[in-house]
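Here is the naming used below: chain letters follow the sequence lines, and residue numbers restart at 1 for every chain. Since we're looking at a predicted model, the values are computed, not measured.
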Protein chains: 2
Amino acid sequence: MSANSRLTIAAHALAWIGLYQRRGHEVATSEQIATSANTNPVVIRRLLGELRRAGLVKSRRGVGAGWSLARELESMTLLDVYEAVEPGPLFAMHRTTPDQECVVGHGIQPAMRGIYEGIEETLRHELARVTLENVLRDVLAAPR
Amino acid sequence: MSANSRLTIAAHALAWIGLYQRRGHEVATSEQIATSANTNPVVIRRLLGELRRAGLVKSRRGVGAGWSLARELESMTLLDVYEAVEPGPLFAMHRTTPDQECVVGHGIQPAMRGIYEGIEETLRHELARVTLENVLRDVLAAPR
DNA sequence: GCAGTCGCAACGTTAATTGTTACGACCACC
DNA sequence: GGTGGTCGTAACAATTAACGTTGCGACTGC
């Protein structure tokens, strides 16, 4: 499906900020998070920018600038993150309009649309069951 | 997510073959299906080739060649089709290994792997609830 | 033998993601 | 009121996958 890592990196960043704050720090920099995720700070800033638009984090500029959580990890779910960083649907329709003269070509898109909607609703329900607090707990539970 | 249309096109092809056979024909050609789906016959042959490997369709060569169902539409689910045409996982991990010296970098992949496995299992369960017979029924139920 | 179709390789096009560089905007601190 | 560190964002390259297209050999009913 050409899956991407946006949800994974976003969860990584949130868990990192959350843990950092619990250790007494005010803000985390994109540089620090990028080092942990082994990527470029701009990639982190782009993702965190989307999370900021969704109200999950805040950013401060100037000296001592950086990122902090806008809400508790307990109140954020993977669905919040998913909706912030993944705009499109899970399955795509035909890239060109199927033959409307054909019975199947005419009915296939409404049919699949209905089916896909139900499936995506279930997916969203599953994502909503996992909080970022759950994620951080699982992260810290990893052996050694 | 850069969703693709492989599942949609594969379902389209199966519904088309199924309906065509119910109307008394033996085999359907990739040319006919491609016309209905408004794409190239090679694209259809590639997808149907994967469905053949999964035991969902059969192909005949030579004169009067084409494609036919290997099983009844009632016995095929979207999960069968999905597994035949979508090899990879839904969500990707980091493209490079995160910093193993960092607590979060070390624990994030096992944590997300476990979470993603549960979610994908639910997705598979949902896909398995829809048969291709359901799809064809919905296709024929589309207004006018 | 011939015609029609599959099987498959090869290549081009398009689009999304990710990585990178660059630079202006901002602001706590001195 | 400078200064240094960080964000915000644009721009571009690199990589990858999906999709479309052409070409041609293989197969087989007639």
Grab the [atom1]-[atom2] distance between [X] and [N] for me, whole Å please.
| X | N | atom1 | atom2 | answer |
| --- | --- | --- | --- | --- |
| A:Trp67 | D:dT6 | CH2 | P | 14 Å |
| A:Met93 | D:dA18 | CE | P | 18 Å |
| B:Ile44 | C:dG7 | CD1 | C1' | 15 Å |
| B:Glu31 | C:dC6 | CD | P | 9 Å |
| B:Arg53 | C:dC6 | CZ | P | 15 Å |
| A:His94 | D:dG20 | NE2 | C1' | 15 Å |
| A:Leu48 | C:dT18 | CG | P | 14 Å |
| B:Arg46 | C:dA9 | CZ | P | 11 Å |

- Lys/Arg-Asp/Glu bridge criterion (N-O < 4.0 Å) met for B:Arg53, B:Glu50: no

- Any Lys/Arg nitrogen of B:Glu117 or B:Arg124 sitting under 4.0 Å from an Asp/Glu carboxylate oxygen of the other?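 Result for this pair is no, no salt bridge flagged.
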
Tabulated below should be each protein N or O lying under 3.5 Å from an N or O of nucleotides 25-30 of chain C; please produce it.
from, atom 1, to, atom 2, distance (Å)
C:dA25, N3, A:Arg61, NH2, 3.3
C:dC26, O2, A:Gly62, N, 3.3
C:dC27, O2, A:Val63, N, 3.3

When you measure from the side-chain N and O atoms of [X] to the phosphate of [N], is any distance below 4.0 Å, counting only OP1 and OP2?
| X | N | value |
| --- | --- | --- |
| A:Ser5 | C:dT18 | yes |
| A:Ser2 | D:dA18 | no |
| A:Thr29 | D:dT6 | no |
| A:Arg45 | D:dG8 | no |
| A:Ser59 | D:dG8 | yes |
| A:Arg6 | C:dT18 | yes |
| B:Arg52 | C:dG7 | yes |

A side-chain contact here means heavy atoms from C-beta on lying under 4.5 Å apart; do [X] and [Y] qualify?
| X | Y | value |
| --- | --- | --- |
| B:Gln109 | B:Pro98 | yes |
| A:His12 | A:Ser36 | yes |
| B:Trp67 | B:Leu48 | yes |
| B:Val81 | B:Thr77 | no |

- Task: By nearest nucleotide on DNA chain C, pick out whichever of B:Thr96 and A:Arg95 is the more 5' one.
- Result: A:Arg95

- Between C:dT17, C:dA22, D:dC7, spot the one nearest the side chain of A:Val42, thanks. C:dA22

- Would you indicate which nucleotide in D:dG20, C:dT20, D:dA18 comes nearest to any side-chain atom of A:Val43? C:dT20

- Message: Apply side-chain hydrogen bond (donor to acceptor under 3.5 Å, both in side chains) to residues B:Thr39 and A:His94 and explain how you reach the verdict.
- Response: CA-CA 9 Å; B:Thr39 182; A:His94 311 63; over 6 Å; no

- Query: For A:Asn40, which contact category applies under a 4.0 Å heavy-atom criterion: base, sugar-phosphate, or nothing?
  - Reply: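 Contact class for A:Asn40: base.
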
- Message: For A:Phe91 and B:Tyr82, take the angle between the two ring planes, folded into 0 to 90°, and tell me which bin it lands in: parallel under 30, tilted 30 to 60, perpendicular over 60.
- Response: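 Rings of A:Phe91 and B:Tyr82: perpendicular, over 60°.
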
